[in-house]
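What follows is a set of notes on a single structure, which appears directly below.
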Amino acid sequence: MDARSLRALAHPLRMRMLDLLVLDGPDTATGLGRRLGENTGTVSWHLRHLADHGFIEEDTGRGTRRERWWRAVRVARRLDTNDFRHDPDIRGALSVYLHETVQRDFEQVTTYLAEDWDEEWRDAGTLSRWQDLRLTPEQLAALNAELEAVVVRHRAAARSGTAADAAADADAGDARPVLVQLQSFPRKERDAR
C-alpha cells in the first residue's frame, strides 16, 4: 500500500465500511448506514472515496439505477509500516490506520467471546499466547512467514475445493467464516523499559 492509498483508507468509518464489505460481501450505502448507525449520504461519500482509490467497486450485477451496490476489490495489499514511520506527512494517517486495525481486531475477539457457540466451535477456536520465546529479528520474521504460509495454504485449499475435508464441510453446511488473528512482536524486558 502506498502513501496515497493509506491516506484514503485511514479513516475510522471507511475502515469499518471496507471491513464489512470484505467480511459480509456487497451492500448498499443504505444497508451499510443502517449497520453502522450512520447517515446514508455520509456513507455514500465515503464509499465513493474508497472506490476512487481502488478499495471497492460498484457491483453492477445488483441493484437498480437508484440503488448502487458496492463490493470490496479482492487484491492482496500489504502495508509495510517501515515505509511510513519516519515520514511526518503520513505519520498521522499511519497512526489512525494502526489504531483502527488494533481496535477492530480487539472488538472481533470480544464479540467472539461474548457469543454463544456450539461446543464443537468453542473447542475449535483458540486464543493462544506463548511468552517463553527468545528470538532474533530474523527468527521472528521467519516465524511470521511460516505462520502466514500455513494460513495461505488453508485458504487456497478452501477456495479451490481440492481439500476433501473443506469441500465436504462446505457441502454439509458446517463451514463458517473464520478470522485468523496473529499477533507477534518483541517486548522490552523490565530492565529495558
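Computed over heavy atoms, backbone and side chain alike; hydrogens, waters and symmetry mates excluded.
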Which heavy atom of [X] sits nearest a heavy atom of [Y], and at what distance?
| X | Y | answer |
| --- | --- | --- |
| Arg71 | Glu58 | NH2-O, 4.2 Å |
| Leu21 | Arg74 | O-NH2, 4.4 Å |
| Ala72 | Val22 | CB-CG2, 3.6 Å |
| Pro12 | Val96 | CD-CG1, 4.1 Å |
| Val43 | Ala29 | CG1-O, 3.6 Å |
| Phe84 | Met1 | CZ-O, 3.4 Å |

Out of curiosity, [X] [atom1] to [Y] [atom2], how far, rounded to the nearest 0.5 Å?
| X | Y | atom1 | atom2 | value |
| --- | --- | --- | --- | --- |
| Asp27 | Leu47 | CG | CG | 9.0 Å |
| Gln181 | Gln108 | CD | CD | 5.5 Å |
| Asp24 | Asp19 | CG | CG | 8.5 Å |
| Asp89 | Leu94 | CG | CG | 13.0 Å |
| Leu20 | Leu32 | CG | CG | 6.0 Å |
| Arg48 | Leu50 | CZ | CG | 11.0 Å |

[X], [Y]: one ILVMFWY side-chain cluster at the under-4.5 Å cut-off?
| X | Y | result |
| --- | --- | --- |
| Leu182 | Leu133 | yes |
| Val75 | Leu18 | no |
| Leu36 | Phe55 | yes |

Validation row: [X], [Y] side chains within 4.5 angstrom (heavy atoms):
| X | Y | answer |
| --- | --- | --- |
| Arg176 | Trp117 | yes |
| Arg16 | Glu38 | yes |
| Arg104 | Met15 | no |
| Ser5 | Arg77 | no |
| His53 | Leu9 | no |
| Leu143 | Leu147 | yes |
| Leu179 | Leu23 | yes |
| Trp45 | Arg14 | yes |

In this structure, are over 12 heavy atoms from other groups packed under 6.0 Å from [X] atom [atom1]?
| X | atom1 | answer |
| --- | --- | --- |
| Asp116 | CG | no |
| Asp118 | CG | no |
| Glu120 | CD | no |

May I ask you to decide if Arg91's main-chain N or O and Ser95's side chain share a donor-acceptor pair within less than 3.5 Å? no
I'd like to know if the side chain of Asn39 reaches the main chain of Gly41, judged simply by a donor and an acceptor atom lying under 3.5 Å from each other, with no hydrogens or angles considered.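 Yes: the side chain of Asn39 pairs with the backbone of Gly41.
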